Amino acid sequence: AYDPSRGEFLVAADDPGGTRILRLGPDEDPRGSVLLPRIANPPTLAFDELREQLTAVDEGALVEVPGSALTAGRPRAQRVPIDGLGLDAPESATFDPRTDTWFVYEQDAGTVALIDGGDFSGPPDRLTLPPGAGDGLIAFNPADRLLYVLDPARERITALAEDGAVEQSFSLGATEMTDPVAMTFAPSTDATDDPASLNLYVADAGDGTANGGVTELSLAAVAALVAPIDTAGHVQTIATSDWTPGSPDPAGINRDAGA
């Protein structure tokens, strides 16, 4: 996840005491960590910019942690029941801060639940993904207002409009990621880029032969191409195993944006 108020990435990692959230600055500097009660679905980690809180889905509840508490060692987490939504195997989540929409990808149904304004009282509207659009991870891009869906098996990212129409697809074949588990949009780490430009950051859990990390991808560099399948530009990979504490296999990523 990404917290815009601090300009920090928030990456979930396993910990014997629960789920540890690692804080990372835009220049890759570790800024500490907090320990939350164990979260069953770390890839659903997302930062709600309007309410300034970190969220995640955990067994029929929405876990909420105020952004202001993310500097405490063990911040208090609030659990809000969301059983009324009837979510079907939530796998990934993201927010649109302009419309106050919470998107939740439902793995078993292959749909994205569209939850408006924190209304958890009943079944939400759902967006059925078009064939081949993706199967796994989602991230909303506030810059172009498209929903991006990553299909790890096909090594492809598809950008969808509000009605589900495919706007563009990107190949990830050249990025050499092994196990993508979460993704989010955040400002480019390149100081020479337009401050308003956003890149895609993907948390990779790695495998038995390689540690995981956070990979920065530039989609804007190929956005003007006409080809139906473009190649995402690999900007950098952040080795989270080098942090203190280390995180060789990040489970979720979000960003806190204001530092």
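It should be emphasised that the depicted structure is a prediction, and the values quoted were computed from it without experimental measurement. For the numbers below, each heavy atom of this structure counts, side chains included, while hydrogens, waters and symmetry mates do not.
- Expressed to the nearest 0.5 Å, how far OG of Ser33 lies from CG of Leu22 amounts to 5.5 Å.
- With Arg23 contributing its side chain and Arg31 its backbone, the two residues share a donor-acceptor pair below 3.5 Å.
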Would Asp190 and Thr192 count as a side-chain hydrogen bond (donor to acceptor under 3.5 Å, both in side chains) here? Give the steps. CA-CA 5 Å; Asp190 187 342; Thr192 64; 2.7 Å; yes
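- Nearest heavy atoms, Leu150 versus Pro180: CD2-CB, 4.2 Å.
- Considering only heavy atoms from C-beta on, Tyr201 stays 4.5 Å or farther from Thr215 through its side chain.
- Nearest approach of Leu87 to Val104, heavy atoms of both residues: CD1-CG1, 4.2 Å.
- With sequence neighbours excluded, the residues satisfying side chain to side chain donor-acceptor pair (under 3.5 Å) with Glu64 are Gln53.
- Two residues are said to be in side-chain contact when any heavy atoms from C-beta on lie closer than 4.5 Å; Ile138 and Leu147 meet this criterion.
- Looking at Pro124 and Leu114, their side chains never come closer than 4.5 Å, going by heavy atoms from C-beta outward.
- Here the CZ atom belonging to Phe170 is positioned 9.0 Å from the OG1 atom belonging to Thr158, to the nearest 0.5 angstrom.
- Considering only heavy atoms from C-beta on, Ser5 stays 4.5 Å or farther from Glu49 through its side chain.
- A distance of 7.0 Å separates CZ in Phe9 from CG in Leu24, rounded to the nearest 0.5 Å.
- Within 6.0 Å of CD in Glu167 there are more than 12 heavy atoms belonging to other residues, nucleotides or ligands.
- For the atom pair OG1 (Thr184) and CG (Leu45), the distance works out to 9.0 Å, reported to the nearest 0.5 Å.
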Quiz: residues 66-81 side-chain donor-acceptor pairs under 3.5 angstrom, not counting sequence neighbours:
residue, atom, partner, partner atom, Å
Arg79, NH1, Asp58, OD2, 2.6
Arg79, NH2, Asp58, O, 3.2
Arg79, NH2, Asp58, OD2, 3.4

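- Side-chain N or O atoms of Asp144 include one that pairs as donor or acceptor with a backbone N or O of Leu146 at under 3.5 Å.
- Here the side chain of Thr55 pairs a donor or acceptor atom with the backbone of Ala46 at under 3.5 angstrom.
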Verify side-chain contact (heavy atoms from CB on, under 4.5 Å) between Phe120 and Ile115, making sure each step is shown before the conclusion. CA-CA 7 Å; Phe120 308 141; Ile115 299 124; 3.9 Å; yes
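- Residues passing the salt bridge (charged side-chain N to carboxylate O under 4.0 Å, His left out) test with Asp194: none are found, sequence neighbours excluded.
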Could you walk me through whether Ile157 and Val149 satisfy the side-chain contact (heavy atoms from CB on, under 4.5 Å) test, starting with their C-alpha distance in whole Å, then the side-chain angles of each, then the deciding distance to 0.1 Å, before giving a yes or no? CA-CA 5 Å; Ile157 293 176; Val149 185; over 6 Å; no
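- In this structure the side chain of Val181 never reaches within 4.5 angstrom of the side chain of Leu137, judged on heavy atoms.
- The salt bridge (charged side-chain N to carboxylate O under 4.0 Å, His left out) test applied to Arg145 returns Asp96, not counting sequence neighbours.
- For residues 97-112, the set of pairs meeting the salt bridge (Lys or Arg N to Asp or Glu O under 4.0 Å) definition, not counting sequence neighbours, comprises Arg51-Asp100, Glu106-Arg126.
- Summarising the geometry, atom OG belonging to Ser169 is positioned 10.5 Å from atom CG belonging to Asp151; distances are rounded to the nearest 0.5 Å.
- Checked against salt bridge (charged side-chain N to carboxylate O under 4.0 Å, His left out), Glu91 has no partners two or more places apart in sequence or in another chain.
- Rounding to the nearest 0.5 angstrom, the gap separating the CG atom in Leu85 from the CG atom in Asp119 is 8.0 Å.
- Scanning for side-chain contact (heavy atoms from CB on, under 4.5 Å) contacts around Asp116 gives Thr101, with sequence neighbours left out.
- Using a 4.5 Å heavy-atom cutoff, the side chains of Leu198 and Asn141 are in contact.
- Heavy atoms only, all atoms of each residue included: Asn41 and Pro90 are closest at ND2-O, 3.3 Å.
- A search for side chain to side chain donor-acceptor pair (under 3.5 Å) contacts involving Asp88 returns nothing, not counting sequence neighbours.
- With hydrogens and angles disregarded, no donor-acceptor distance shorter than 3.5 Å links the side chain of Ser92 to the backbone of Tyr105.
- Within the 4.5 Å cutoff, the side chain of Val202 has heavy atoms near those of the Leu200 side chain.
- Qualifying side-chain contact (heavy atoms from CB on, under 4.5 Å) partners for Thr19, counting only residues two or more places apart in sequence or in other chains: Ala12, Ile21, Arg38, Ile39.
- Between Ile82 and Val57, some side-chain heavy-atom pair lies under the 4.5 Å cut-off.
- Among pairs with a residue in residues 136-160, those fulfilling ring-ring contact (aromatic ring centres under 6.0 Å, His included) read Phe103-Phe140, Tyr148-Phe185, at least two apart in sequence or across chains.
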Quick one: do Asn199 and Leu217 satisfy side-chain contact (heavy atoms from CB on, under 4.5 Å)? Show the steps, please. CA-CA 6 Å; Asn199 282 345; Leu217 302 175; over 6 Å; no
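- With sequence neighbours excluded, no residue forms a side chain to side chain donor-acceptor pair (under 3.5 Å) with Asp125.
- When the side chains of ILVMFWY residues are joined at heavy-atom separations under 4.5 Å, either directly or via intervening members, Val112 and Val166 end up in a single hydrophobic cluster.
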